[in-house]
Amino acid sequence: MSEALVFASPFSLLFDPLSHEFMRRALMVSALVGGVCGLLSCYMTLKGWALMGDAVSHSVMPGVVIAYALGIPFSIGAFVFGVGSVALIGFVKQKSRVKEDTVIGLVFTGFFALGLVLVSKIKSNIDLMHILFGSPLGISQSDVNQTLIISLIVVIILLLFRRDLMLYCFDATHARSIGINTSLLHYLLLSVLSLSAVVGLQTVGIILVVAMLITPGATAYLLTDRFDRMTLLAICSSAISSIVGVYVSYWFDIETGGSIVLVQTIIFLIAFMFAPKYGILKSKSSIPF
Amino acid sequence: METVIEKDKRIDFFRIEADQVCVDYNGTVALYDASLKLKPGCICGLVGMNGAGKSTFFKALMGFVRPSRGKIRINQTMVPHAQRDQAVAYVPQNEGIDCSFPVSVWDVVMMGRYGSMNFLRVPRESDRRAVWHALERVELLDLRKRPIGALSGGQRKRAFLARAIAQRASVLLLDEPFSGVDVRTEKLMAELFLQFRQENRTILISTHDLSHVRDFCDLVVLINKTVLAYGETSEVFTPENLTMTFGGMPPDLLSGPTGSSEFK
Ligand SMILES: Nc1ncnc2c1ncn2[C@@H]1O[C@H](COP(=O)(O)OP(=O)(O)OP(=O)(O)O)[C@@H](O)[C@H]1O
Ligand SMILES: [Mg+2]
């Protein structure tokens, strides 16, 4: 692939891959998943839930393995374990004096280890590498369907509760004092996180899914002071990184999940350097004389 | 504003009713047998030393800490019900918010209206007018487009007060609204509170500046873990009571004829 690259016209570079069914599918799924995770990433970064995202995404591992072994849709197993890990974290934190980040680290590594053990024991046709690193180029139609349904659920919930969730992240005390049910919002956000982790691992795999859940939000956060613009920027940057990542992975024949996250990271670094207001290279001329 | 007056022509009931409220934090008693009854259209000062339980009392009134005993009613209903009715606005001592959150001052004040909006929180014209009006009242209209993190401490305080104003609640619980604001804002806020009283709202304010209590509080509550004294300012705000509240400090320091206003 890479030798051909030198001679190919830009047109054929962009459109030739689209002649393959698997590429069209991969691009569509990755863009969708990117957009959904990008939207959620705003809430994750503003709420300071990066570690929680990491925890949930690692904890779904045993759920995926068990679901494959039982022959049920993998998303159900993943969701159950994602929510289960969150519930367990909350329970242990409440009942012991161990600090929250310790509890989170403890629970998710435990779940992840359980997943690894199960994979080695069950010896089914699950490809460990697919779960760990994702494989959007080899995604099956039934997985595409699951991804579509879950993405739709996540987007609807996030759009319906957009304002309430923003208020909850910003000032939960005020939310409570005007009669909003904040524990409902808390669990809603955690459920949406579990669902997004499930779709995210389709494209980039369990290990890197947390990047999908925080990097776009962090990038957008550097670019704007308005929440609505931040969500739009996060969605766009995330979807674009996914598309570019899939192309790059096709052209150079490299690992897809890695290339998507790498593109996201590069976009973040560009924002980090050149963001108009918060970049490190911003013009110093704003000091009045 | 109109709604508050319309709805509450009746004044023969209690807006805030706390009956023998006890609060403890994991066994440490913070508040014991605190009782208080406030009618519509009054300003009540809550005075006590650091750690006396003023903030705890506010949190109990808002249902944020669970009283181990006692009964609390706001506008004759249970607290959650009153909250859903947008009957209470609460401005905590420290907002405890993330100041780098990407929202503007306007957005923050608009959050005061969320409870009266539809499920999707789409602002109507009346909501925008309420926000505009509230910002005007705290003189922040010029800064409405600024990110909330780009305000000074005192300005931020005013923004959160504006949010409470925009809510148009009939009960306002303000935990140390005067800390860290300048003289001009202090005056502005005092005028605002007097106006709220005219509109038959009830305001509970905790403060460490005793001259405020003399200047515009109708009632005063002296607390130190429990309500030590409570009633008309003229009757309760005596040197003896203050000595009792602040534990043995010379009364002339606390309530002398000039007091802390001698520099004005
Ligand atoms: N979350 C908490 N956990 C344990 N103890 C607490 C907690 N919050 C307050 N306290 C204790 O309860 C008592 C009352 O505290 P509170 O914050 O109500 O005082 P305050 O009157 O508002 O004081 P200040 O004037 O300093 O604001 C204090 O002794 C304090 O140490
Ligand atoms: Mg206090």
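Just so we're on the same page: letters track the sequence lines, and every chain starts at 1.
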Count the heavy-atom pairs under 4.5 Å between each of A/D171, A/L159, A/L167 and chain B, then report the option with the highest count. A/D171

Max heavy-atom pairs within cutoff under 4.5 Å with chain B, candidates A/D228, A/T173, A/I180, A/T224, goes to A/T173

Do the side chains of B/D107 and A/R226 get close enough for a salt bridge, i.e. N-O under 4.0 angstrom? yes

Considering only heavy atoms, which portion of A/C169 lies under 4.5 Å from any heavy atom of chain B: side chain, backbone, both, or neither?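 Both backbone and side chain.
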
So for A/L160, is it side chain, backbone, both, or neither that comes closer than 4.5 Å to the heavy atoms of chain B?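 A/L160 touches chain B through backbone and side-chain heavy atoms alike.
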
Above 12 or not: heavy atoms from other molecules or residues under 6.0 Å from CD of A/Q94? no

Taking B/R121, B/R146, B/R163 one by one, which has the highest count of heavy-atom pairs under 4.5 Å against chain A?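 Result: the option with the highest number of such pairs is B/R163.
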
Interface residue of largest heavy-atom contact number with chain A, from B/S100, B/P80, B/G112, B/S104, under 4.5 Å: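 Ranked by contacts with chain A, first place is B/S100.
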
Please report the interatomic distance CG(A/L201) to CE(A/M212), rounded to the nearest 0.5 Å.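 One gets 10.5 Å once the value is rounded to the nearest 0.5 Å.
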
In Å, rounded to the nearest 0.5 Å, how long is the span from OG1 of A/T147 to CD of A/Q202?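 Answer for the OG1-CD pair, A/T147 versus A/Q202, is 3.5 Å.
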
Considering only heavy atoms, which portion of [X] lies under 4.5 Å from any heavy atom of chain A: side chain, backbone, both, or neither?
{"X": "B/M111", "answer": "both"}
{"X": "B/L173", "answer": "neither"}
{"X": "B/V79", "answer": "neither"}

Would you say the ring centers of B/F64 and B/Y90 fall short of 6.0 Å from each other? yes

Proximity of A/Y43 and A/F227 rings by center, below 6.0 Å: yes

Over-ring placement of B/K39 relative to B/F13, 6.0 Å and 45° cut-offs: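 Geometry flag: not set, cation outside 6.0 Å or 45°.
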
